[in-house]
A.B. asks: 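Got a structure for you, written out below as structure tokens; questions coming shortly.
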Amino acid sequence: MKVILAGSAGFCYGVRRAVELAERTAWSGGCWMLGDLIHNAHVVEGLRRLGVRKAGGLEEPRPGDTVLIRSHGELREVLEALERRGVILADATCPNVARIRQLAAEAEAEGRRFLLIGEPDHPEVLGIASWCRDPLVFAGPEALQSWLDAAPENRETPLTAAAQTTCIRELFETSWKIIKKECTNAKIFDTICSATRKRQMEAASIAAKVDVMVVVGDRKSANTKHLAEICRQSCSRVLQIEDGDELSPGMFLGCWTAGLTAGASTPAGIIKEVYTTMSEEIKAAENKEESFEELLNQSFKTLNNGEKVTGIVTAITPTEVQVDVGAKQAAYIKLSELSDDPTAKPEDIVKVGDEIETYIVRVNDVEGYAELSKKRLDAVKVWEDIETAVEGKTVMEGVVTEENKGGIVVSVKGVRVFVPASQSGQPRGADLSAMVKQKVQLRITEVNRARRRVVGSIRSVSDEARRAAQEAVWSSIEAGKRYTGTVKSMTSYGVFVDIGGVDGMVHISELSWSRIKTPSEICKVGDTLEVYVISFDAEKRKISLGVKDHNVDPWQEFMNKYAVGDTASVRVVKLMTFGAFAEVVPGVDGLIHISQIADRRIDKPEDVLSEGQIVDAKITAIDEEKKKISLSIRALLAAPAADAFASEDEPAETEE
């Protein structure tokens, strides 16, 4: 016969933390506890002998006394009452429980109803439920489904759902599926303790391989009870006991393989006692024994300075992040070793229950702790990534942090990368300080890890992107194709527009149907223009673009709108010696002869009119064949005296 010992058996982080806090507090002068600190009578009795007294009520501890808050947490009203009495609180609440408690409080603040899957009468559940009004607590999916079916509006209720830390995973996952399927506004948080999850999975795995499964733990312990329930699904003979005295040889008759696990509140001493009792049968069957200490030590990782190690975040405090790395030593990360960013908050980087890969800075076997660093491991990984990026010519992303002599500095995952001005992607002589705080893409061109020198090029990435964009344009360009472009530069005769890495020219005559003197009347550098291709020469890489729509006939628009005798509001666009040309509609001009500008003789049109001026004029004649229009301002003025100065034969002048 052999025994398979679960490597995760015994105290979890939260229980160990609570017991150690109780022992330290007891040694420093004694304290009180409200109810059992953890669900294990042996441990509670040991604490009593150290001077941890059990209070009969809230009134028993006096102001100034220390009161231990058990690992399951406490009712909110109890904590507030104790604080009002002036007692000192030593909070041993498990960080995982505290997290669920916070979720309950946040749900209420957001106007949501908090829903918890767990044992309704368990101290942990009662404590969590007290942090919000009108919580919903269900033992499992059946009770949850009954509540949903009770009233249609329940499915519309905004919910924040979580689970008791020791909840059986199958119960929570089934409940989770029901909520996702039937509720229209629900947030779901998987709050089953990672240590509990690992313990349950390991117990199920062992139970499937053995003839007898022994589960050790206090009968009031929820996680021990759940372990036994899980084991019974895979093994027909499951023994739930509190200590080795409950075992007898007859329990193992016909058994070839036995399994042993323990709840999170079971101390190593009791596990050892049970294992020793079971070993008696092993000795008789195989004349061979492997000590509990050897098995236990084999289940622990060996930590060495400078190695990488993966663990689970168990708690976040103002000064450190505590990590379970599956070793004898308690492991932690100082906040200074968590991130390079001094303004970063620990809770924004990691959460309780997260798996985290770290670097071992120092192991202290004497005091039983290990210092870890996420920052240093991240730095090592970044340097490895950067060295690999040189060989693979990988494009990396960073933020420009400063301008210095000869170029700029880009931070790539915390590593300073120097980019010479010639590789910045900016024109010669450009103000590089304008790039500070911008996100950029670059290639690493040189790395000297020993000197911590890294050189990069933004230009190589931007040039490649530009070439790719240009090829995409030239491969698909065709006359009439429309683009949304950006005005890059302007001249007196037109503007150059970027249509995706390629510049095209819009002549001033193609910018607008209206007569304009300069392109600046229509647009400016940086403006977005909707353009279309008039023509292109792929060999010479030239593109002619247009803005005005040639599908619109300005003359037809004029003819549809006006007739001889109508009055139009026109804009003076050009002054000549014989009169003024005025725009009637965009793209159609009419002539106001000098004799029709005023009701008196004038020497030149600019004596009365100026370019850009808006005036009312009467349409006196329309030549449809030649598309010419005659206008008159004089015809709208008060009837003048006999026109002694009007020419009898006015010449039909046109603009040269």
Side-chain angles (χ1 to χ4, degrees), residues 10-98 100-101 119 121-131 164-166 193 216-225 241-245 262-273 314-315 317 322 330 368:
F11 280 179
C12 66
Y13 167 78
V15 170
R16 187 186 307 114
R17 173 177 174 272
V19 172
E20 289 175 354
L21 176 61
E23 290 173 346
R24 288 197 305 270
T25 308
W27 279 109
S28 63
C31 59
W32 298 90
M33 62 180 170
L34 302 175
D36 294 340
L37 183 73
I38 64 172
H39 279 160
N40 190 282
H42 297 276
V43 174
V44 172
E45 175 58 24
L47 292 175
R48 187 192 63 77
R49 289 196 293 269
L50 287 176
V52 181
R53 293 161 290 174
K54 190 185 253 186
L58 297 182
E59 299 76 18
E60 198 162 351
R62 297 179 180 179
D65 285 354
T66 299
V67 174
L68 275 168
I69 304 303
R70 56 188 170 181
S71 62
H72 294 303
E74 192 52 85
L75 296 173
R76 184 174 188 173
E77 52 265 32
V78 170
L79 295 176
E80 292 172 349
L82 289 171
E83 288 180 345
R84 287 195 298 270
R85 283 182 54 77
V87 302
I88 301 169
L89 298 182
D91 194 354
T93 304
C94 171
N96 292 316
V97 175
I100 306 174
R101 191 168 67 187
E119 298 181 26
D121 298 327
H122 192 280
E124 174 189 322
V125 173
L126 293 172
I128 291 169
S130 70
W131 287 79
Q164 185 179 348
T165 57
T166 56
C193 170
V216 188
D218 196 290
R219 286 187 171 82
K220 290 182 291 183
S221 167
N223 72 82
T224 302
K225 183 177 70 174
I241 62 173
E242 292 193 348
D243 53 42
D245 292 341
S265 302
T266 308
I270 292 180
I271 302 174
K272 181 177 180 180
E273 174 196 347
T314 56
T317 74
Q322 296 166 2

A.B. asks: Can you tell me which residue pairs pass the ring-ring contact (aromatic ring centres under 6.0 Å, His included) test with a partner in residues 73-97, sequence neighbours excluded?
C.D. replies: none

A.B. asks: What's the shortest heavy-atom distance between Ser71 and Ala18, and which atoms?
C.D. replies: CB-CB, 3.9 Å

A.B. asks: For Ile241 and Asp243, work out which heavy atoms get closest and say how close.
C.D. replies: CD1-O, 3.5 Å

A.B. asks: List the residues meeting side chain to side chain donor-acceptor pair (under 3.5 Å) with Thr266, not counting sequence neighbours, and say none if there are none.
C.D. replies: none

A.B. asks: Among all residues two or more places apart in sequence or in another chain, which pass the side-chain contact (heavy atoms from CB on, under 4.5 Å) test with Glu60?
C.D. replies: Trp32, Ala55

A.B. asks: Which pair of heavy atoms, one from Gly57 and one from Pro61, lies closest together, and at what distance?
C.D. replies: O-CD, 3.4 Å

A.B. asks: Please list all pairs meeting ring-ring contact (aromatic ring centres under 6.0 Å, His included) that have one or both residues in residues 45-92, counting only residues at least two apart or in different chains.
C.D. replies: His39-His72, His72-His122

A.B. asks: Over all heavy atoms of both residues, which pair between Leu68 and Cys31 is shortest? Give the atoms and the distance, please.
C.D. replies: CD1-SG, 3.6 Å

A.B. asks: Please list all pairs meeting salt bridge (charged side-chain N to carboxylate O under 4.0 Å, His left out) that have one or both residues in residues 81-98, counting only residues at least two apart or in different chains.
C.D. replies: none

A.B. asks: What are the two closest heavy atoms between Ala81 and Leu58, and how far apart are they?
C.D. replies: CB-CD1, 4.0 Å

A.B. asks: So do Val19 and Ile38 actually touch side chain to side chain, heavy atoms under 4.5 Å?
C.D. replies: yes

A.B. asks: Among all residues two or more places apart in sequence or in another chain, which pass the side chain to side chain donor-acceptor pair (under 3.5 Å) test with Thr314?
C.D. replies: none

A.B. asks: Once you round to the nearest 0.5 Å, how far does CG of Leu89 lie from CG of Asp65?
C.D. replies: 11.5 Å

A.B. asks: To the nearest 0.5 Å, what is the distance between CD1 on Ile270 and CG on Asn40?
C.D. replies: 4.5 Å

